[in-house]
Amino acid sequence: ASSTMSAPMKAKRVAVIGAGAAGLAAARRLLEQGIACTLFDSAAQVGGGWAEKTSAIWPTLRTNLPAMIMQFHDFSFSEACLGAQADDGPVSAKPESPAPESASAPAAAASAPARAAAAAGRLPPTAASPAHPPESGTMATPSFVSPRAVASYLYEFHRRFLVPFIADGNVTTSPDNPTGVGRVPGATLEMRLQCDVVSVKHAAGVDGTQWRVAWQRVTTSAAHATSDAVGPSGAEVADDFAVFDAVVVANGHYNTPFSPQYTGQAAWPGTAIHSSAFRSADVWSGQRVVVVGAKSSGTDIARELVAAGCEVHVADKACAQSVEHADPHIHHHPPIRLLAPSGAVVFDDGVETAAVSLIINCTGYDYTFPFLENETVSVADRGVRPLYKHLFSIADPSLIFIGLPWVIIPFPLFDAQAQLAARFLAGTASLPSSAEQAQDLRDWMGGLPRARDAHKLAAHQFDYCRELARLGGFFTDALDRRLRVVEHVYRHVGPSRPTVVGGADDYRDVRYEFHTESAYIVQAPGDAVPAIHHVDTGAAS
């Protein structure tokens, strides 16, 4: 294969679609590289799936990763949202990011002192950022935090790293500014919240091929308005558009739930929902419920249902024969064969329940990009292809996807992707030739047990971050040490999780904290003295 590197870009203006963790990381790194960007999201607040008003996460959930490894490497939970876990005030009590009709409002949303503090790397005290957090080593913050705490953390991340770039002169669309271009040149950020991107397609630009991004204002409480994006004749229905040098797609992959259709479901009298619609077990107290799926969500939901007095049946593709569970309220079965008009559920081994009130499908999500109108990528079998390093369109690397991988520690990985993407778009990093990129993809796919695992990284995620850092020129010994410690913690937590569906989750009561750059602290409830784990942080090969 040719060793010719692809030509780096010199992007001046980039669209970032999605204001969750991936989009926030992308915007931050683009701005640091001196690239102006516009951040789009259909919601009225940043935070994506973690944001309280748009969340698909039930409020009693706690993360299954400790905050010390979940956080961005250079912005800790203790800096951002220590105290939010006290649950004595909702995150929505904090000022929300404004609607798009007032583009100067993002700057006004933070007071002048707050903006100055953010620019200087300091945060004024808020409900989620107390003036005097406990000193390092007190282990006062829960390690496995609530969705509210994560939402608060991302809100504070946006205040720290993005708000200083929102120029007071930024404007939205108006009769004398139909394309919505900001008045301030350079690395400025334009926030387009409550704007649903309806079309992304190539446009012939002055400097070569560019991207035309069209959007629609969200004026209802609905999270998305894409169903109205195309008129009866196929014509685009949009409020406005702008042209960009590149597009970063960071709309997440927890937007479109996948729910299987079961034989007999049309005549079945019960209710079937996806786990994204689950909010509380209490409303189903005392009833018979089937949970489909035995991974993280299925296990956690089954546990909460049992605590609410439900009889729980778990359908698990890894289970060949119905078995007794240690908890008499949980029954473990193979997948569902059919649903009966009587309300019963019949499993593949022939075992049949009495009438079931509810089926909760913990069956994952599909990748969807309804706004893409080009042929550079395709979505099939839960994969987006062809991409280089799960990130760049091989056909056109100015189309970038951040946040596709799964079975990962998300925020640090998103940040590694964002750093490489920003450096490539700024012209300070190059990619291999398209032929080499295609070969790299073939090599990766050839080593997978099934095509639908295309973006499943799991144990490979740490080397993947190293690969991105080397490509982008930001690999350091300090980053490598950090990744080694984080991987050690990740492997320490894994075996502590319940090995049976609905099992106890007391692993979430264990505290994890950095001790030094090559050691971390673990303290279980009842431990008088925390254990210190030292990690071999020798140079990476």
Side-chain angles (χ1 to χ4, degrees), residues 1-11 14-15 17 22 26 29 200-205 208-211 244-251 253 366-369 371-408 413-414 416-475:
S2 169
S3 60
T4 303
M5 303 293 283
S6 66
M9 290 192 61
K10 283 286 188 180
V14 176
I17 303 172
R29 297 304 184 179
V200 174
K201 58 187 177 183
H202 277 113
T209 301
Q210 294 177 301
W211 295 90
F244 299 89
D245 299 314
V247 174
V248 174
V249 179
N251 65 329
H253 53 85
D366 286 325
Y367 295 101
T368 53
F369 311 102
F371 44 80
L372 282 180
E373 296 187 19
N374 67 88
E375 301 300 324
T376 64
V377 296
S378 62
V379 181
D381 203 11
R382 296 198 179 182
V384 185
R385 290 183 282 276
L387 298 182
Y388 178 60
K389 300 298 183 188
H390 313 275
L391 186 58
F392 297 96
S393 166
I394 294 176
D396 185 345
S398 65
L399 178 62
I400 296 168
F401 295 80
I402 292 182
L404 296 182
W406 51 285
V407 189
I408 58 166
L413 185 139
F414 296 167
Q417 292 184 315
Q419 289 189 69
L420 174 57
R423 288 167 183 245
F424 171 73
L425 293 176
T428 59
S430 299
L431 301 180
S433 67
S434 58
E436 289 174 305
Q437 293 179 41
Q439 185 60 51
D440 182 86
L441 176 61
R442 286 191 292 271
D443 291 344
W444 170 257
M445 296 297 296
L448 298 177
R450 53 183 188 171
R452 65 184 302 164
D453 290 336
H455 302 302
K456 181 180 179 181
L457 295 189
H460 180 64
Q461 63 182 297
F462 307 102
D463 283 340
Y464 172 75
C465 288
R466 292 183 179 96
E467 290 173 17
L468 299 187
R470 289 189 174 98
L471 275 169
F474 56 94
F475 182 84

Open item on the list: For the backbone of Ala416 and the side chain of Gln419, can you confirm whether one donor and one acceptor N or O come within less than 3.5 Å of each other?
Closed with: no

- [ ] Calculate, to the nearest 0.5 Å, the distance between atoms CG and CD1 belonging to Leu399 and Ile394 respectively.
- [x] 12.0 Å

Open item on the list: Tell me whether Arg423 contacts the main-chain N or O of Gly472 through its side chain, where contact means a donor paired with an acceptor under 3.5 Å.
Closed with: yes

- [ ] Please name the pair of heavy atoms, one in Ala422 and one in Arg29, separated by the smallest distance, quoted to 0.1 Å.
- [x] CB-O, 3.4 Å

TODO: Measure the CZ-OG distance between Phe392 and Ser398 for me, rounded to the nearest 0.5 Å.
DONE: 10.5 Å

- [ ] To the nearest 0.5 Å, tell me how far Gln461 CD sits from His390 NE2.
- [x] 11.5 Å

Open item on the list: Regarding Asp366 and Thr368, do their side chains bring together a donor and an acceptor under 3.5 Å, going by distance alone?
Closed with: no

Task: Gap separating the CD1 atom of Ile402 from the CZ atom of Phe414, nearest 0.5 angstrom - done: 9.0 Å

- [ ] Would you confirm whether Trp444, through its side chain, and Ala454, through its main-chain N or O, come within 3.5 Å as a donor-acceptor pair?
- [x] yes

- [ ] May I ask you to decide if Asp396's main-chain N or O and Thr376's side chain share a donor-acceptor pair within less than 3.5 Å?
- [x] no

Task: Under the salt bridge (charged side-chain N to carboxylate O under 4.0 Å, His left out) test, residues paired with Asp453 that sit two or more places apart - done: Arg450

Open item on the list: What's the separation between atom CE in Met9 and atom CG in Leu431, rounded to the nearest 0.5 Å?
Closed with: 10.5 Å

TODO: Under the side chain to side chain donor-acceptor pair (under 3.5 Å) rule, collect the residues that match up with Tyr367, sequence neighbours excluded.
DONE: none

Open item on the list: Please report the interatomic distance CG(Leu404) to CG(Leu391), rounded to the nearest 0.5 Å.
Closed with: 8.5 Å

- [ ] Flag the pair Phe401 / Phe369 as yes when their ring centroid distance falls below 6.0 Å, and as no otherwise.
- [x] yes

TODO: Take His202 and Trp211 through the side-chain contact (heavy atoms from CB on, under 4.5 Å) test and state the conclusion after the steps.
DONE: CA-CA 5 Å; His202 277 113; Trp211 295 90; 3.2 Å; yes

Task: Leu413 side chain reached by Cys465 side chain, heavy atoms, under 4.5 Å - done: yes

TODO: Check whether any side-chain N or O of His455 sits under 3.5 Å from a backbone N or O of Val384 as a donor-acceptor pair, and report yes or no.
DONE: yes

TODO: Evaluate the side-chain proximity of Ser434 to Tyr388: yes if any heavy-atom separation is below 4.5 Å, no if none is.
DONE: no

- [ ] For the residue pair Asn251 and Phe371, establish whether any side-chain heavy-atom pair is separated by less than 4.5 Å.
- [x] yes

- [ ] Would you check if Val377 and Leu372 make a side-chain contact, meaning some heavy-atom pair closer than 4.5 Å?
- [x] yes

- [ ] Side-chain contact test, heavy atoms from C-beta onward, threshold under 4.5 Å: evaluate it for Ile400 versus Val247 and give yes or no.
- [x] no

Task: Exercise: do Ser433 and Glu436 side chains pair donor with acceptor under 3.5 Å - done: yes

- [ ] Could you tell me if the ring centre of Trp406 sits under 6.0 Å from that of His253?
- [x] no

- [ ] Taking salt bridge (charged side-chain N to carboxylate O under 4.0 Å, His left out) as the test, write out the residues that go with Lys389, two or more places apart.
- [x] Asp440, Glu467

Task: Check: Gln437 side chain, Leu387 main-chain N or O, donor-acceptor pair, under 3.5 Å - done: no

TODO: Assess whether side-chain contact (heavy atoms from CB on, under 4.5 Å) is satisfied between Leu425 and Val14, documenting all intermediate values.
DONE: CA-CA 9 Å; Leu425 293 176; Val14 176; 4.0 Å; yes

